[in-house]
Amino acid sequence: MKFQITDRNLPYYHLVGTLVVVITLALALGGSFLWIGFSEHQQTIDRLEQSFQVKKQERLKSEMEAAIGYLDFVHSRTESVLQEALQDKVSMAMQTAQAIYDREHGRRPEVEVKRLIIAALRPQRFYEGRGYFFIDDEQGNCVLLPIAPSREGSSLWDNRDDTGHYIMRGLAAAAREGDQGGFSTYRWYSPDNPQQMSDKLAYVQRFKPYGWIIGTGDYLHKWHEMRLREGIERLRAWKFGDTGSFVAISQSGQLLLQPQWPEYEGKHYRKVGSPAEQAIRGQILELGKQGGGYLSYQWPWRAANITSTRTAYVLPYRPWNMIVIASVFQEETQSQFARERDAAVNSMSNRIPYLLIAAMTAIALAIGASVFFSRWMSGRLRNYHQKIETHSHALEAQANALRLAGHVFESSKEGIVITDAETRILAVNPAFCQITGHVAEDVIGQRPGMLSSGKHDAAFYRAMWKTIHETGSWSGEIWNRKKDGNCYPELINISTVRTESGAVLHYVGTFLDITERKEAEDRIRHLAEFDPLTQLPNRTLLNDRLTQAVAQAKREERQLAVIFIDLDRFKNINDSLGHAMGDRLLQEVAKRLHDIVRQSDTVSRLGGDEFVVLLTGLELRTSALPSARKILATLGQPYTIDEHELQITPSIGIALYPDNGTDGETLLKNADAAMYHAKNSGRNNFQFFTPEFNQWVTERLRIENGLRHAVAREELILHYQPQVDLASGQIVGCEALLRWQPTGEALMAPDRFIPIAEETGLIHGIGTWVLDEACRQLAQWDSEGAAPIRMAVNVAVPQLRSRNFVSNVRNTLQRHGIGPDRVEIEVTESVFLNQDEQVRQTLQGLVDLGVQLSLDDFGTGYSSLSYLRNFRFDVLKIDKSFVSELHRNQDDVTLISAIVSIARDMSLITIAEGIESAEQQHILHELGCNIGQGYHFSRPVVAGEMAKLISPRTLTLIA
């Protein structure tokens with residue numbers, strides 16, 4: 001059946017429909033009230049059940065907290081109880097010893113009195129046979145050790161446990177703590193586990209008459225076990241409620257406490273009870289290992305002869321590696337819960353009749369109101385019918401236009417603006433408002449020129465409109481301005497909409513904001529051309545600018561300068577203060593360089609601590625001098641970064657166009673070579689490039705490349721120069737001197753290659769080889785029966801900055817079986833210029849290792865008595881410049897006498913270098929110098945010749 005809606009039956013249908021809806025809603029409302037009532041009733045029951053559950057858990061938790069508190073108390077008393085017991089035992093031993101001493105002293109020989117005391121204490125045992133008394137003297141010699149009589153009379157001073165702790169030294173220190181003695185903790189083998197050490201606590205006192213240390217001790221775990229048994233028994237007696245009790249299980253699964261089945265105690269839970277009980281105990285154990293919590297399970301109730309739900313609170317007690325469980329049966333709270341639930345049901349039953357009456361009343365009122373409302377609406381519908389007819393034709397006419405506008409404007413993600421033929425804005429879409437920040441009311445009626453950024457001139461816009469008029473469209477990038485004043489780039493397309501006759505009807509512009517794309521292009525370009533740390537042009541951009549500058553200088557017949565800058569000893573700052581501090585220093589250098597050059601010049605960072613300044617438009621060669629001087633002075637000023645004041649200097653090389661090169665690559669290479677010349681000239685200066693110097697750089701690079709492979713090619717050689725006791729003429733040591741003989745070339749002196757090795761960092765590998773070879777050779781001489789002598793090895797300052805240097809020395813000595821007192825590490829006075837904390841730590845580490853420290857060339861460089869006070873040295877080496885004129889120059893005699901006097905007062909050994917005559921030897925001996933070294937005794941010789949000199953037959957060299 002099809003309903004026909006007319007003006008006459010519409011009020012009827014409206015009334016019927018309203019009544020159906022109202023009655024349905026009223027019934028639904030009544031049903032909702034009932035459903036809400038039942039829901040509230042169920043929520044009440046749930047809350048009651050949850051409340052009783054929470055109360056039960058809170059009670060279990062409170063009982064658990066009290067039990068854990070008691071266990072903590074018992075556990076905390078373990079060590080104090082042991083200490084009191086040990087003090088009592090030692091006090092008893094002291095009283096016994098003192099009584100024997102008081103009775104027998106003076107009557108018997110001292111040896112007999114001691115024997116009586118030892119005999120009285122030897123058989124005494126306690127602590128289930130583990131406890132006994134021991135006696136040691138203060139030098140660590142064993143006097144009484146009942147469990148190992150064979151050790152009596154031997155020294156226990158160096159006896160250590162498995163942690164490296166010196167047991168006897170700890171006992172002696174404890175005994176010296178005061179008149180009442182003291183405690184010492186160490187590890188030793190327990191009688192019940194002789195294969196593994198356990199913690200042991202001992203108490204000792206000094207028996208002053210004989211300087212003895214009398215003491216006893218016991219194993220901590222034994223006393224912990226006694227405390228554990230005490231705690232378990234307390235939990236066994238602990239009951240709460242009718243069914244509440246405690247259970248304890250070890251972490252390994254052993255039942256420590258099971259009041260319900262005491263016969264299970266001491267057994268693993270998997271070996272007792274039913275499979276279901278074993279599974280529940282396994283769950284409890286796993287819960288305890290995970291940190292504890294609540295657990296409900298079915299469990300036999302012996303008192304009621306039933307199986308019921310039992311709730312447990314599980315908590316690990318880590319000091320004794322066990323799981324504690326507090327549990328109670330659910331029946332303790334079930335009766336009270338039932339009473340509360342019955343009360344809630346009665347309350348719900350009393351409310352239902354009132355809910356039904358309220359629902360029926362609501363339905364009656366709703367029907368009456370619906371009839372009245374329907375009649376009122378019928379009149380209103382007739383009045384609006386005419387108005388709807390009037391507007392329907394107008395709405396139909398506008399439908400097509402609205403459909404088109406809605407599709408274009410709402411679906412497009414591009415900004416769209418539509419103007420009339422006179423370019424007045426008619427409409428804009430939401431994307432336009434989002435991009436420009438304008439709302440539609442701001443721009444409708446305006447012209448697009450209101451968005452102009454001002455970055456394009458009038459000619460640009462004339463050309464654009466000319467293209468639009470001729471072709472009907474224009475596309476391109478343009479800058480416009482947002483409402484907040486910010487300019488942005490956009491990609492825009494402008495099209496013309498014409499009528500069928502060709503007249504212009506609209507202009508439609510669609511555009512996209514391409515700000516992010518532009519920024520991404522700029523970021524990529526910046527990353528490709530600028531150094532990320534200093535924001536200076538990198539090598540790529542420098543080469544481009546240098547190429548352009550050379551071309552411009554060639555056209556204008558002018559000069560330019562390339563200034564190559566390297567920071568002296570910058571690596572020291574990186575190694576000592578860290579790369580973060582080094583980066584901040586590089587940023588400060590970049591800022592200073594940028595501030596002192598002209599706008600037309602370029603400052604670039606090539607990498608590391610290398611910078612290049614490009615000076616353009618120079619009239620004369622000398623025009624680069626002022627800039628070089630300014631850079632030298634500016635970069636040499638102190639740098640304050642955080643709490644550090646840093647001082648660095650630059651080495652600067654300068655190459656000029658066209659004298660030193662006609663292309664950028666050549667100019668950079670020659671400026672780099674000139675910079676190395678500046679470094680070789682003492683650093684902190686600038687040098688212009690010369691062809692002669694380029695040859696020197698080539699030679700330096702050849703040496704550097706050769707050194708990189710010298711160790712692998714076995715080109716390094718050690719020569720040894722004897723060191724002779726000036727009083728006896730006996731060889732007491734030698735100095736290892738490094739030589740290099742590149743393949744196919746003559747032997748090279750160290751002053752040619754050592755500085756290069758230090759600057760390039762190759763000194764670390766070479767120094768490691770020198771130390772290893774010297775120790776290997778010393779071990780070989782020892783095996784051949786040569787006299788034991790000391791080996792002196794020179795070490796450069798960069799080696800001391802290595803954190804691994806001390807461990808490398810230790811490993812080398814151990815590998816070759818050489819004692820640390822047989823090796824002497826020589827450092828020069830330049831080490832005092834380095835305030836690096838790592839150098840200090842390295843020197844202290846060598847002292848702690850037992851290696852001898854020698855200060856070479858004392859008196860020639862940076863000598864200061866404060867350095868001798870702050871650094872611990874064993875040997876002072878007097879430079880040969882003071883020895884060479886000793887027999888003719890009284891000032892040298894006075895100076896050496898002063899040095900020897902200072903060394904003697906500071907317990908230092910003095911070694912004089914460069915002794916070339918017997919007269920010099922005699923004078924130095926008279927002045928008190930200990931050891932001599934020089935051609936008078938022997939030139940540096942190879943290992944085989946040195947072996948002959950230190951053989952027992954030729955050990956003494958007296959010239």
Side-chain angles (χ1 to χ4, degrees), residues 78-161 165-192 194 197-220 222-223 226:
T78 301
E79 189 164 342
S80 62
V81 171
L82 175 56
Q83 288 179 348
E84 292 173 0
L86 293 177
Q87 285 179 316
D88 290 342
K89 294 297 182 181
V90 173
S91 177
M92 180 183 70
M94 292 293 291
Q95 291 173 6
T96 301
Q98 188 66 45
I100 295 173
Y101 177 81
D102 292 342
R103 185 180 68 248
E104 303 296 337
H105 179 63
R107 297 174 53 192
R108 295 175 183 265
E110 184 177 283
V111 174
E112 183 65 19
V113 176
K114 290 181 178 179
R115 187 187 64 76
L116 290 174
I117 295 174
I118 293 172
L121 297 182
R122 182 184 297 277
Q124 297 192 38
R125 295 291 186 273
F126 37 87
Y127 303 149
E128 300 177 355
R130 298 187 307 276
Y132 57 87
F133 292 114
F134 58 83
I135 303 176
D136 303 285
D137 63 20
E138 293 184 347
Q139 288 72 41
N141 297 312
C142 180
V143 177
L144 170 63
L145 189 58
I147 63 170
S150 60
R151 299 299 299 274
E152 294 175 4
S154 63
S155 175
L156 303 180
W157 190 251
D158 293 324
N159 196 20
R160 293 190 288 181
D161 61 18
H165 172 69
Y166 287 93
I167 299 174
M168 188 62 242
R169 300 181 191 184
L171 292 171
R176 290 193 293 269
E177 287 182 0
D179 293 338
Q180 301 303 317
F183 293 95
S184 178
T185 302
Y186 57 91
R187 291 173 60 78
W188 199 245
Y189 299 101
S190 174
D192 54 0
M197 290 187 176
S198 301
D199 289 334
K200 190 171 185 179
L201 179 66
Y203 178 69
V204 292
Q205 276 189 278
R206 292 178 65 241
F207 185 63
K208 297 181 181 178
Y210 294 143
W212 283 353
I213 299 173
I214 300 178
T216 187
D218 199 9
Y219 297 91
L220 285 170
K222 290 294 184 180
W223 289 75
M226 290 190 288

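Hydrogens, waters and symmetry mates are skipped; everything else that's a heavy atom, side chains included, is used.
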Rounded to the nearest 0.5 Å, what separation is found between the CE atom of M92 and the CD1 atom of I214?
-> 11.5 Å

ring-ring contact (aromatic ring centres under 6.0 Å, His included) partners of residues 102-123, not counting sequence neighbours, each pair once | Y101-H105

Hey, can you tell me if Y127 and W223 have their rings parallel, tilted or perpendicular (30° and 60° cut-offs)?
-> perpendicular

Any idea which heavy atoms bring V90 and G215 closest together, and the distance?
-> CG2-CA, 3.9 Å

Decide yes or no for V143 and K114: does some side-chain heavy atom of the first lie under 4.5 Å from some side-chain heavy atom of the second?
-> no

Measure the OH-CD distance between Y203 and Q83 for me, rounded to the nearest 0.5 Å.
-> 10.0 Å

Could you state the interatomic distance from CD (Q98) to CD1 (I100), rounded to the nearest 0.5 Å?
-> 10.5 Å

Working for side-chain contact (heavy atoms from CB on, under 4.5 Å), residues R108 and L116 | CA-CA 10 Å; R108 295 175 183 265; L116 290 174; 3.8 Å; yes

First locate atom CD of Q180, then atom CE of M94, and finally report the distance between them rounded to the nearest 0.5 Å.
-> 9.0 Å

Among pairs that include at least one residue of residues 126-142, which meet salt bridge (Lys or Arg N to Asp or Glu O under 4.0 Å), considering only residues two or more places apart or in two chains?
-> E128-R130, R130-D218, E138-R206

Donor-acceptor under 3.5 Å (R187 side chain, D161 main chain) = no

So how far is it from S184 OG to H165 NE2, rounded to the nearest 0.5 Å?
-> 4.5 Å

Smallest heavy-atom separation, A93 atom then F133 atom, equals CB-CE2, 3.4 Å

Do the non-hydrogen side-chain atoms of I117 and F207 ever get within less than 4.5 Å of each other?
-> yes

Would you give the length of the straight line joining atom CZ of R151 to atom CG of N141, rounded to the nearest 0.5 angstrom?
-> 11.5 Å

Taking all atoms of both residues into account, what is the closest heavy-atom pair of L171 and V204, and its distance?
-> O-CG2, 3.5 Å

Using atom types as modelled and distance alone, determine if a side-chain donor or acceptor of Y219 lies under 3.5 Å from a backbone N or O of Y189.
-> yes

Close side-chain approach of S91 to Q95, heavy-atom, < 4.5 Å = yes

Indicate the atoms forming the closest heavy-atom contact of R125 with R122, along with that distance.
-> NH1-O, 2.8 Å

Closest approach of K200 to W188 (non-hydrogen atoms, all atoms of both residues) = CD-CB, 4.5 Å

Residues L156 and C142: closest non-hydrogen pair is CD1-CB, 3.8 Å

Could you give me the CA-CA distance, side-chain angles and deciding distance for Q87 and F183, then say whether side-chain contact (heavy atoms from CB on, under 4.5 Å) is met?
-> CA-CA 9 Å; Q87 285 179 316; F183 293 95; 3.7 Å; yes

When you look at CG of D179, are more than 12 heavy atoms from neighbouring residues, nucleotides or ligands closer to it than 6.0 Å?
-> no

Any donor-acceptor pair under 3.5 Å from E152 side chain to L145 backbone | yes

Any side-chain heavy-atom pair of K222 and L82 under 4.5 Å | no

Is the side chain of T216 donor-acceptor paired with the backbone N or O of Y132 at a distance under 3.5 Å, no angle test?
-> yes

